[in-house]
**Q** 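Supplied in structure tokens, the structure appears directly below.
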2 protein chains.
Amino acid sequence: MKRPTMKDVARAAGVSPMTVSRVVSGDAGTSPGTAAKVEQAVRKLGYQRNDNARHLRQKNPGTSTIGLVVDDLANPFYALMARSVEDEAHRRGYVVLVGSTNDEPRREREVIAAFTARQVDGLIIVPTVGGHAFLKQPMASGTRVVCVDRPAEGLAVDTVTVDNRVGARRAVTHLLDRGHTRIAYLGDRREIWTQAERHGGYLDALTARGISMDPDLVRHGLRSPAQVAAALLSLRAVTDPPTAVFTSNDLITLGVLDGLERPTPMAIVGFDDLPLADRLNPPLTVVSQDPLALGWTAASLLFSRIEGIPSAPRDVVLLTHLIVRSSGEFHGPGRDPA
Amino acid sequence: MKRPTMKDVARAAGVSPMTVSRVVSGDAGTSPGTAAKVEQAVRKLGYQRNDNARHLRQKNPGTSTIGLVVDDLANPFYALMARSVEDEAHRRGYVVLVGSTNDEPRREREVIAAFTARQVDGLIIVPTVGGHAFLKQPMASGTRVVCVDRPAEGLAVDTVTVDNRVGARRAVTHLLDRGHTRIAYLGDRREIWTQAERHGGYLDALTARGISMDPDLVRHGLRSPAQVAAALLSLRAVTDPPTAVFTSNDLITLGVLDGLERPTPMAIVGFDDLPLADRLNPPLTVVSQDPLALGWTAASLLFSRIEGIPSAPRDVVLLTHLIVRSSGEFHGPGRDPA
DNA sequence: TTGAAAGCGCTAACAA
DNA sequence: TTGTTAGCGCTTTCAA
């Protein structure tokens, strides 16, 4: 019932615990004969080394454990990122603790505290909206930190993001090119950095064409399908309603699609690609980013820090792509389904 | 640079390490005055307790860490499950180590070994195809195990699955009811329990109608979009080609949709619901299961075991639902797009 | 090649 | 209320 320890193995093999340690850890300096005896005892008892105890004593620092803290693991975007991080970690012999913050600073702090208490060597985090000075303590005592998707307020660390603003601008410009002038913006909380950036790109595009922003067409803080549905409804009720909408993340795009008849009576371009996007009617035009690349880049950065590579914090910006399908086309009122 | 220890705090506060331990762990028996001194020293040094060391000594066993081992964390289905497990774990003050097996027994063993070496209290696993007797050792030494999505070969543990066979049978029967008699089966490796079950359900449905299975219409082992595309192509080339296809998981459904013109020239019913499934042309009929419920059930089972609740291994079977949209309808050859 | 002693950071058990 | 001693399971260091 209790786990066997090295002492148990030592007794069974008739050697000292130190010899067991050497054999189990593959250190040199044991005769083949003794090694065989020890290995047999290990098998017989079902012994496995306790790595927590090991890391406590071992001079070579580190637990070969990292923590990954995302907004929501169930979001396909973060799921892909997580898989990518995990693959790289596994390749290097690390395991990964994972946690979702739900974008709540309090939960983020709880999760991070639980991870650092377990002596993770590093942390890859998608920071929530609040300040992150609380990370300075663990960093000072050796925990490496990399931010991904968004930068952390008040914290100078390696950060991997995409060109959100450019991507959003491109999306909205695409809509303008198709003849739309009444373009709505639907986004999550603007306190979230990516959302602020994308909203900025929306404004950039309008400004470049000399179109003044109409506050009636902008909705922030959409975090649930119900909120998206409500926003959409209210949008269609304004005088001179929008002919197109730019949606600032995948969940909002999904929400809008759910709230619209088919074929879509409003043009739409969304941030984040979606499976099946090309099989909708009309096929969905999107700004796509590569979550696997984000995850891999963040992991690589983290591991090079853990391995002791110094230098000032780096900012890596990956590129987005506008995938033009056809949901951005302009259709006059009274459009007939094709 | 080095992490401060209790000794450091003790020195800074002018007390013994034991007193620090009591304050930090919220144990009774320290005067408010000393507690305040200690807390101040903790803040000044940025001290955080090393929980690995703590768990090593603490009589109360357990590390408040569990491991979650899935086939592929990037698969939305497992991502949802993971989130659900993580939520329940967080609610109970546990953290979760996560790993993907890619359905490779070797990687599964590596991941599980890395987890047990870190003294996880329990494991929730989606077992790969191989035998799992190797789990008996950790189980004997106290690691609790729950299987989810599929049972583990040669291992009697709590298991949470869905009624795969019934669901598949319902899907195929739905197709038969719509007048199809030439129905193809596209599945992943049949060694995977869920796939064998679903294939069984497919056979059940045919048998119930006295239709004999045509081996030309059955493809196993589809694990990539390319393989699915190839299978689809070869299917359409057989004499008397199928008018409908039953796809045995979400990835295969996606692959088939990608390989088909629009509107779909072949009826299709898939296992697993998909976002946007209802907005396709035609809307996709599916057998849906609830990954959140699977995750939550597995987690609840695991935690009750960890808390010491005994009893013989339990098998929990959750229900699937046929969501009828319209991709199952029968259309003669030469069908005109609507 | 092997083992004994000490100690990693913490807490159980006891003593003051 | 506080501190001392011992020891969790392991590895370092040094001696045999």
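Numbered from 1 within each chain, the chains take letters A, B, ... in sequence-line order. The structure displayed is predicted, hence computed values, not measured ones.
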**Q** At under 4.0 Å, does any side-chain N or O of A:Thr34 touch on OP1 or OP2 of C:dT2?
**A**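 Yes, A:Thr34 has a side-chain N/O under 4.0 Å of OP1/OP2 on C:dT2.
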**Q** Identify which nucleotide among C:dT11, D:dT12, D:dT2 has an atom closest to any side-chain atom of B:Thr30, counting heavy atoms from C-beta outward.
**A**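 Ranking C:dT11, D:dT12, D:dT2 by closest atom to the B:Thr30 side chain puts D:dT2 first.
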**Q** Of B:Pro32 and A:His55, whose closest DNA chain D nucleotide lies nearer the 5' terminus?
**A**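 So the residue in question is B:Pro32.
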**Q** To the nearest angstrom, how far is B:Lys59 atom NZ from C:dC10 atom C1'?
**A**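 Value for this atom pair: 14 Å.
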**Q** Regarding B:Glu108 and B:Thr128, do their side chains bring together a donor and an acceptor under 3.5 Å, going by distance alone?
**A**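 Note: B:Glu108 and B:Thr128 side chains meet the donor-acceptor criterion.
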**Q** Under 4.0 Å between a side-chain N/O of A:Arg54 and OP1 or OP2 of D:dT11, yes or no?
**A**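 A:Arg54 to D:dT11 OP1/OP2: side-chain N or O found under 4.0 Å.
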**Q** Any luck finding a side-chain donor-acceptor pair between A:Thr65 and B:Arg118 under 3.5 Å?
**A**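 Yes, B:Arg118 and A:Thr65 have a side-chain donor paired with an acceptor closer than 3.5 Å.
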**Q** Closer to the 5' end of DNA chain D via nearest nucleotide, is it B:Ser31 or A:Asn50?
**A**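 Nearest nucleotide further toward 5': that of B:Ser31.
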**Q** Can a donor-acceptor pair under 3.5 Å be found between the side-chain atoms of A:Arg22 and the base atoms of C:dG3?
**A**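 Donor-acceptor pair under 3.5 Å: yes.
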**Q** Expressed in angstrom and rounded to an integer, what is the separation of B:Arg57 atom CZ from C:dC10 atom P?
**A**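 Whole-Å distance recorded here is 14 Å.
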**Q** Using only side-chain N and O atoms of B:Ser16, determine if any of them is under 4.0 Å from OP1 or OP2 of D:dT4.
**A**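 Checking B:Ser16 against D:dT4: no side-chain N or O falls below 4.0 Å of OP1 or OP2.
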**Q** Whether A:Ser25 contacts D:dT11 is assessed here as follows: a side-chain N or O lying under 4.0 Å from the phosphate OP1 or OP2. Is that the case?
**A**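 Indeed, a polar side-chain atom of A:Ser25 lies that close.
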**Q** I need the CZ-C1' distance between A:Arg3 and D:dC8, as an integer number of Å.
**A**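 For the pair A:Arg3 CZ and D:dC8 C1', the rounded distance is 13 Å.
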**Q** Could you walk me through whether A:Arg223 and A:Asp188 pass the salt bridge (charged side-chain N to carboxylate O under 4.0 Å, His left out) check?
**A** CA-CA 6 Å; A:Arg223 288 189 73 75; A:Asp188 196 346; 2.8 Å; yes
**Q** Calculate the interatomic distance between B:Lys7 atom NZ and D:dT4 atom P; express it in whole Å.
**A**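 The distance from NZ of B:Lys7 to P of D:dT4 comes to 13 Å, rounded to the nearest Å.
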**Q** Check every atom of D:dC8, C:dC10, D:dC10 against the side chain of B:Leu56 and return the nucleotide holding the closest atom.
**A**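 Ranking D:dC8, C:dC10, D:dC10 by closest atom to the B:Leu56 side chain puts D:dC8 first.
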**Q** Would you check if there is a donor-acceptor pair between the side chains of A:Arg49 and A:Ser25 at a distance under 3.5 Å?
**A**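 Note: A:Ser25 and A:Arg49 side chains meet the donor-acceptor criterion.
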**Q** Whole angstrom is fine here: how far is it from CD in A:Gln48 over to P in D:dC10?
**A**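 Atom-to-atom, A:Gln48 to D:dC10, this comes out as 10 Å.
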**Q** Write down the distance between CG (A:Asp51) and C1' (D:dC10), rounded to a whole number of angstrom.
**A**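 From A:Asp51 CG to D:dC10 C1': 10 Å.
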**Q** On the nucleotide D:dG9, are OP1 or OP2 found under 4.0 Å from the side-chain N or O atoms that A:Lys2 carries?
**A**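 Checking A:Lys2 against D:dG9: at least one side-chain N or O falls below 4.0 Å of OP1 or OP2.
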**Q** For B:Lys37 and D:dT1, give me the distance from atom NZ to atom C1', rounded to whole Å.
**A**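 So the two atoms are 12 Å apart, to the nearest Å.
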**Q** So, is B:Ser21 close to the C:dT11 phosphate, meaning a side-chain N or O under 4.0 Å from OP1 or OP2?
**A**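 Looking at the OP1 and OP2 atoms of C:dT11, one of them is under 4.0 Å from a side-chain N or O of B:Ser21.
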**Q** Would one find a side-chain N or O of A:Thr19 under 4.0 angstrom from OP1 or OP2 of C:dG3?
**A**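 Yes, such a contact exists.
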**Q** Could you check how far CZ of B:Arg118 sits from P of D:dG9, rounded to whole Å?
**A**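 Those two atoms, CZ and P, are 18 Å apart.
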**Q** Which nucleotide wins on minimum distance to the side chain of B:Met18, given the candidates D:dT4, C:dG9, C:dC10?
**A**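 Selected nucleotide (nearest to the side chain): D:dT4.
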**Q** How about B:Arg3 and A:Thr143: does a side-chain donor come under 3.5 Å of a side-chain acceptor?
**A**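 The criterion, which ignores hydrogens and geometry beyond distance, is satisfied for A:Thr143 and B:Arg3.
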**Q** So, for B:Ala74 and A:Leu80, which heavy atoms are closest and what is the spacing to 0.1 Å?
**A**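 Answer, listing the atom of B:Ala74 first, then A:Leu80: CB-CD1, 3.3 Å.
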